[in-house]
Number of protein chains: 2
Amino acid sequence: MSAQSRTERPDRPESTDRRRELLAIAAELFADKGFRNTTVRDIADAAGILSGSLYHHFDSKESMVDEILSSFQAELFAAYDAVLLSDDDARTKIERAVRLSFEAIDRHRHEVAIFQNEADLLGQQERFAYLAERNAQSREVWITLLDDGLRSGALRPDLDIELTYRFIRDTVWVAVRWYRPGGKLTHTDVADQYLTILLDGIAHA
Amino acid sequence: MSAQSRTERPDRPESTDRRRELLAIAAELFADKGFRNTTVRDIADAAGILSGSLYHHFDSKESMVDEILSSFQAELFAAYDAVLLSDDDARTKIERAVRLSFEAIDRHRHEVAIFQNEADLLGQQERFAYLAERNAQSREVWITLLDDGLRSGALRPDLDIELTYRFIRDTVWVAVRWYRPGGKLTHTDVADQYLTILLDGIAHA
DNA sequence: TACAGTACCAAGCAATTGCTTGGTTGGGCA
DNA sequence: TGCCCAACCAAGCAATTGCTTGGTACTGTA
């Protein structure tokens with residue numbers, strides 16, 4: 001009976017297969033060449049249609065990035081929340097948060113790249129204000145994790161928490177610039193090495 | 001014979017004060033908004049002249065970034081060479097290379113940002129092939145330093161050199177996104193903390 | 001058979017872009 | 001005084017851009 005047998009999620013603009021396909025094509029181009037630097041004709045060419053035909057599916061080029069970024073962010077922050085709410089010890093939570101990020105890079109490379117490269121500029125528009133909010137939210141997650149780490153004695157007491165947060169954030173996300181899924185290193189390999197360096201340093205003990 | 005008796009450096013296009021001024025203005029805009037996203041009218045407005053007047057000083061918008069990036073790179077790699085050729089021990093060389101980078105961020109924020117954000121795209125054009133070459137050169141410098149560190153026992157023997165190189169490179173340069181000269185932290189403060197984390201890790205011993 | 005809905009095409013418009021061209025201005029210098 | 005020249009203006013051109021409009025082909029359903 002469900003009237004929704006024929007799909008349609010309540011919130012999101014209905015998402016057909018073709019729509020998702022086009023968004024994936026756009027995401028790759030946005031990630032590789034930048035948002036502003038990618039034309040609607042580029043996207044249409046890659047999809048094998050004319051540029052005008054894109055507007056059958058989307059309002060504007062902007063609404064394409066919007067949809068790409070917002071749906072990715074929702075998924076990512078759900079994962080963060082799961083870590084925060086778990087009852088692992090402080091160090092384990094930090095490790096999980098790091099691994100989770102590399103996994104996101106593995107599974108949503110284009111989305112991460114777009115966010116890294118375009119968030120600052122896009123965030124200036126009201127429509128993308130949620131990007132800045134998510135950023136603040138992510139900071140709170142990490143500061144909480146690091147604070148707990150300090151208090152529990154898992155982390156060395158002389159750390160500047162704010163700087164450490166930036167260090168971890170940058171280090172983790174910037175890997176999207178070179179990591180390629182299917183390459184020699186899995187995202188787990190990368191996470192292992194990164195955690196080794198992050199936790200114990202590169203110097204010989 | 002040389003009809004160029006009156007001034008003119010052999011290579012570089014002659015560099016007047018106004019020229020340098022305009023390049024500094026352009027660099028700031030390129031760094032903040034991206035190269036493609038900055039119009040010649042933006043630059044001209046910021047300089048208080050009309051867009052066409054820029055072409056009295058420069059061939060093209062492209063030649064502006066070219067000049068900005070190439071002159072910065074030359075200065076940076078001269079500094080790297082000095083470290084490589086010194087007779088410090090392996091660990092000291094690594095520390096110096098890290099500090100040198102944060103100093104570059106402090107002194108040439110816009111140039112570093114432009115290089116970080118635009119190198120991939122610009123590098124695809126022949127004119128900017130030197131960007132990729134410089135990248136390879138920088139990799140060689142770091143791999144050499146890390147190899148020496150391993151051989152001398154200064155670094156822990158289980159490190160993946162390639163991954164460690166990327167880790168350091170990313171961590172160091174990405175700081176240009178948030179570091180602001182004149183802020184609470186000097187570039188030396190940042191370098192100190194970064195080196196602490198990098199060398200000894202964040203975990204409690 | 002009639003009709004509706006999806007996905008697309010063909011053509012083009014208005015704005016923005018990098019850049020060009022032919023001038024004007026004002027200071028330095030012989 | 002006459003001339004040069006760096007620095008700039010005023011106007012606009014050709015290409016590229018995001019997006020619109022009116023139409024067409026095809027598919028599924030009643």
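In this text, all values refer to a predicted model and were calculated from it rather than measured experimentally. To find a chain, count down the sequence lines: A is the first, B the second, and so on, and within it residues start at 1. Side chains included, hydrogens not; waters and symmetry mates left out as well; all remaining heavy atoms used.
- For R169(B), there are no salt bridge (Lys or Arg N to Asp or Glu O under 4.0 Å) partners, not counting sequence neighbours.
- Applying the salt bridge (Lys or Arg N to Asp or Glu O under 4.0 Å) test to residues at least two apart or on different chains, none of the pairs has a partner in residues 171-180 of chain A.
- What separates CG of D17(A) from C1' of dT27(D) is a distance of 16 Å, to the nearest Å.
- Note that OG1 of T38(B) is 10.5 Å distant from CD of E28(B), once rounded to the nearest 0.5 Å.
- With sequence neighbours excluded, no residue forms a side-chain contact (heavy atoms from CB on, under 4.5 Å) with D120(A).
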Pick out the pairs of N or O atoms, protein on one side and nucleotides 13-17 of chain D on the other, that lie under 3.5 Å.
unit_1	atom_1	unit_2	atom_2	d
dT17(D)	OP1	R36(B)	NH2	3.3

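- Side-chain contact, D66(A) with S63(A): no donor N or O sits under 3.5 Å from an acceptor N or O.
- Between the side chains of T92(B) and D89(B), at least one donor N or O lies within less than 3.5 Å of an accepting N or O.
- Phosphate contact (OP1/OP2 of dC8(C), side-chain N/O of R18(A), threshold under 4.0 Å): present.
- R107(B) meets the salt bridge (Lys or Arg N to Asp or Glu O under 4.0 Å) test with E75(B), E103(B); sequence neighbours excluded.
- Atom CG of D59(B) is separated from atom C1' of dG18(C) by 13 Å (rounded to the nearest Å).
- Heavy-atom distances under 4.0 Å link DNA chain C to G48(A), I49(A), L50(A), S53(A), H56(A), H57(A) of residues 43-58 of chain A, given in residue order.
- E111(B) and Q73(B) form no side-chain donor-acceptor contact under 3.5 Å, judged by distance and modelled atom types alone.
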